[in-house]
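Accompanying notes for the structure given below.
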Amino acid sequence: MKKKIYSLVVFVLAAFLLVSCSLPPTHPVTRQELMRSRVYNKYIIHESPEELLYALNTRGEIIIEGNRNIPGRDFPVYIKLMATTEGIHLNEYDR
């Protein structure tokens, strides 16, 4: 009985981990789509567009450090970029 419960818990945990992993997008994100999201106008980001495209096309989502692009002010944020079928979605979180 304990073996069945143990194997069931391991199976549920493994299934949960497989479902929760991020997947690459169904069609690759292009540089034009990245620039259309205006991420480089809204934020100051030190990574190049090629680095962001590689990460988005292999993992499907990335979290990068940046600052809001407000002259004279410094607002550090984390920026989450997600590649979806509708395009790139941006979420920002305070650091």
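Just so we're clear, the structure is a prediction, and the values are computed from it rather than from any experiment. For the numbers below, each heavy atom of this structure counts, side chains included, while hydrogens, waters and symmetry mates do not.
For CD of Glu50, the number of neighbouring non-hydrogen atoms (other residues, nucleotides, ligands) closer than 6.0 Å is greater than 12.
With contacts defined as side-chain heavy-atom distances shorter than 4.5 Å, the pair Met35/Ile88 does not qualify. By the 4.5 Å heavy-atom criterion applied to side chains, His89 and Lys80 are not counted as neighbours. Between Thr85 and Pro25 there is no side-chain heavy-atom pair separated by less than 4.5 Å.
Tyr40 and Ile79 fall within a single hydrophobic cluster, where Ile, Leu, Val, Met, Phe, Trp and Tyr side chains are chained together by heavy-atom contacts under 4.5 Å. The hydrophobic clustering, which links ILVMFWY residues whose side-chain heavy atoms are closer than 4.5 Å, places Val39 and Val77 together. Linking Ile, Leu, Val, Met, Phe, Trp and Tyr whenever their side-chain heavy atoms come within less than 4.5 Å puts Leu56 and Tyr43 in one cluster. Following chains of ILVMFWY side-chain contacts shorter than 4.5 Å, one can reach Ile62 starting from Leu90, so the two form part of one hydrophobic cluster.
Using a cutoff of 4.0 Å between basic side-chain nitrogens and carboxylate oxygens, Glu92 and Lys42 are not scored as salt-bridged.
Proximity of a side-chain donor or acceptor of Arg95 to a complementary backbone N or O of Phe75 within less than 3.5 Å is not detected. Looking only at distances, a side-chain donor or acceptor of Asn69 sits under 3.5 Å from a matching main-chain atom of Asn41.
The two atoms that bring Pro28 and Glu33 nearest to each other are O-OE1, 3.9 Å, heavy atoms only.
Expressed to the nearest 0.5 Å, how far OH of Tyr78 lies from CD1 of Ile64 amounts to 12.0 Å. To the nearest 0.5 Å, the span separating CZ on Arg36 from OG1 on Thr30 amounts to 6.5 Å. Once rounded to the nearest 0.5 Å, the distance linking CD of Glu47 with CG of Leu53 reads 12.5 Å. Distance check, rounded to the nearest 0.5 Å: NE2 of His46 to CD1 of Ile44 gives 7.5 Å.
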Worksheet entry | Full working for side chain to side chain contact (heavy atoms under 4.5 Å, CB included) between Arg68 and Asp94 | CA-CA 10 Å; Arg68 290 188 194 144; Asp94 291 335; 3.3 Å; yes
